[in-house]
J.: 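Handing you this structure, nothing more for now.
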Amino acid sequence: MSPSAISELVQDEQGNITVPTKTMHVSNGHENGAATSNGHSTERVTSNGSKKMEYLLDRHLHKTFPIVTGGKGNDLYLADGRTVFDATSGAAVSCLGHDNKRVIDAITRQINTGTPYVCSSFFNCAIVDELCKELINGTGGKMGRVFLIGSGSEAMEATVKLARQYYYENDKQSPRINFIAREHSYHGNTIGALGISGHVARRAPYEPFLMENVHRVSACNAYRQRKDGESDASFVARKAAELEAKFQELGPETVIGFICEPVVGAALGCVPSVPGYLRAMRDVCHKHGALFILDEVMCGMGRSGTLHAWQEAEGDVVPDLQTMGKGLGAGYQPVAAVLISKKVIGALLNGSGQFVHGHTYQAMPVQAAAALEVQKTIREQNLVQNVKTQGEYLEKRLKAVLGDHPNVGDIRGRGLFWGLEFVKDKRTKEPFDPKLGIAQKLGTTAISAPYNMTMYPGTGTADGYVGDHIILAPTYIVTKDEIDHIVKVTANVVNEVFQNLDLESI
Ligand SMILES: Cc1ncc(COP(=O)(O)O)c(C=O)c1O
């Protein structure tokens with residue numbers, strides 16, 4: 001690149017390098033990338049071949065994202081000729097990797113029947129019930145039915161409404177109107193799901209009109225909350241006492257249920273529940289006749305090393321309602337679901353017989369065909385065992401290679417769902433100043449040459465406002481050699497980012 005070309009490089013606040021396009025003649029008469037009110041004439045081509053979207057309301061209007069042209073297995077192919085290793089399955093979604101012919105064929109077969117859509121108010125389609133049977137079988141028959149929808153947020157919305165309806169069926173004046181959810185949680189971006197979420201930054205703009213009937217207890221975060229010398233049992237007892245106190249504060253007869261992620265995803269970076277926690281929380285709920293509700297949109301469907309995160313080594317902790325998404329369809333179709341216990345279904349069967357809720361796009365044949373093939377593939381190829389095996393290896397290697405790094409505060413997770421939390425001071429666990437954008441820098445560095453690997457950054461890890469983490473969530477088809485690659489690249493990226501920070505001056 002010539003010196004004059006280099007002088008034209010522009011770096012945005014996320015560190016993306018872009019090259020303003022020379023004298024562009026565009027139809028609306030603007031030149032040199034001058035912006036119109038909708039930004040259409042700001043087309044710029046980046047040095048790595050990515051292109052600013054002109055018409056899409058992108059995730060970030062000041063950021064450019066590399067253009068993907070295809071993929072295979074763990075690899076994504078970019079327009080600039082690079083191959084990026086997908087160490088996160090997107091956002092913990094593409095668990096079978098890319099270009100899985102078996103799933104693509106199943107989708108194609110369903111489309112070729114001529115019924116990619118049937119109206120669920122008038123008809124049913126056999127493949128939808130086949131998927132639901134597969135999902136119920138995956139619980140060992142411990143759950144009753146499935147509500148099928150398109151996204152994790154919609155699944156959470158449905159769950160919130162179904163939980164309320166469970167009590168309403170028997171008592172139209174039921175006083176049960178309150179939910180207890182946790183701090184540092186994420187359950188989706190629609191108004192109801194965001195209302196349940198304790199994700200401070202995502203809630204902030206909408207805070208004035210989010211649900212007021214959601215009350216909070218602390219998350220189960222051993223790294224930041226466990227007292228010196230505190231055993232799992234004592235820590236769990238403290239959490240159960242906190243939940244019990246919240247029930248008493250609200251009046252136990254007003255509580256619909258308690259909602260949590262068994263392994264916290266985006267809000268905390270793969271923080272698993274301490275052994276015994278889920279059981280203790282369920283017992284508090286059931287003591288008060290309230291529902292025990294799990295959000296497994298991110299951590300479920302094999303991601304945590306068991307098909308469902310509630311299938312713990314100490315025994316199943318079966319929820320009354322459970323959401324699932326992401327890995328359910330592995331990114332081949334937008335699909336999510338609510339798993340409904342026999343208890344909750346019983347209330348509908350003995351009552352109105354109808355869930356007062358529905359969407360145009362629900363129980364779609366194509367999404368069912370995709371999810372069914374994904375789930376059959378996971379089962380027939382014993383991929384959850386691979387998640388467990390490679391997950392244990394990933395943990396061992398991450399801890400060996402990065403455990404002593406002065407800015408790696410914690411390495412935690414389950415299965416193939418691992419988070420690294422970064423701190424300024426390992427002893428005090430003091431987080432970095434958010435202005436430094438540590439997590440974003442790690443993610444941006446990783447996805448750029450020469451590293452060419454995805455890392456999923458997150459912030460607010462320490463207290464909702466400050467703190468940085470990254471998530472690694474490889475596909476279920478990842479091999480031992482590929483785990484070595486992921487750990488090597490992660491270590492190199494971490495070392496580069498922290499070496500380039502002037503730690504003395506911050
Ligand atoms: C635990 C959890 N619940 C719900 C959601 C919302 O899912 P979706 O983005 O598909 O609406 C997410 C998304 O990241 C999630 O991680």
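When a ligand or atom number is given, it counts from 1 through the structure's own listing order. All values derive from a computational prediction rather than experimental measurement.
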J.: Determine whether Phe432 and Asn407 satisfy the following criterion, side-chain contact (heavy atoms from CB on, under 4.5 Å), listing intermediate values before the conclusion.
T.: CA-CA 9 Å; Phe432 282 102; Asn407 302 111; 3.5 Å; yes
J.: For His187, which part has a heavy atom under 4.0 Å from ligand 1: side chain, backbone, both, or neither?
T.: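 His187 to ligand 1: backbone contact only, side chain stays beyond 4.0 Å.
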J.: So, does Gln390 use its side chain to make a donor-acceptor pair with the main chain of Val387 at under 3.5 Å?
T.: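 Judged by distance alone, no pair lies under 3.5 Å.
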J.: Considering non-hydrogen atoms of the protein only, which is the closest contact for atom 8 (P) of ligand 1, and what is the distance?
T.: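 Here the closest protein heavy atom is Gly152 N, 3.4 Å.
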J.: Is there a donor-acceptor contact under 3.5 Å from the side chain of Arg303 to the main chain of Val93?
T.: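 Flag not set: sc Arg303 to bb Val93 has no pair under 3.5 Å.
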J.: What atoms of ligand 1 come closer than 4.0 angstrom to any heavy atom of Glu261?
T.: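 Taking each heavy atom of Glu261 in turn, ligand 1 has 1 (C) under 4.0 Å.
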J.: Are Phe85 and His485 an aromatic pair by the rule of ring centers under 6.0 Å?
T.: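 Centroid separation for Phe85 and His485: below 6.0 Å.
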J.: Among all protein heavy atoms, pick the one closest to atom 9 (O) of ligand 1 and tell me residue, atom and distance.
T.: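 Sorting protein heavy atoms by distance from atom 9 (O) of ligand 1 puts Ser153 OG, 4.3 Å first.
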J.: If you measure from CG on Leu76 to OG1 on Thr83, what distance do you get to the nearest 0.5 Å?
T.: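 The CG atom of Leu76 sits 9.0 Å away from the OG1 atom of Thr83.
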J.: Tell me: protein heavy atom nearest atom 3 (N) of ligand 1, and distance?
T.: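 Sorting protein heavy atoms by distance from atom 3 (N) of ligand 1 puts Asp295 OD2, 2.7 Å first.
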J.: Nearest non-hydrogen atom to atom 14 (O) of ligand 1 belongs to which of Met156, Lys326, Met298?
T.: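 Among Met156, Lys326, Met298, the closest heavy atom to atom 14 (O) of ligand 1 comes from Lys326.
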J.: Please report which non-hydrogen protein atom sits nearest to atom 5 (C) of ligand 1, along with the residue it belongs to and the distance in Å to one decimal place.
T.: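 For this ligand atom, the closest protein heavy atom is Val297 CG1, 3.7 Å.
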J.: For Ser151, counting its heavy atoms only, list the atoms of ligand 1 lying under 4.0 Å from any of them.
T.: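 Matching atoms, with element in brackets: 10 (O), 11 (O).
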J.: Answer yes if the side chains of Arg414 and Thr306 hold a donor-acceptor pair under 3.5 Å, and no otherwise.
T.: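 Short answer, yes.
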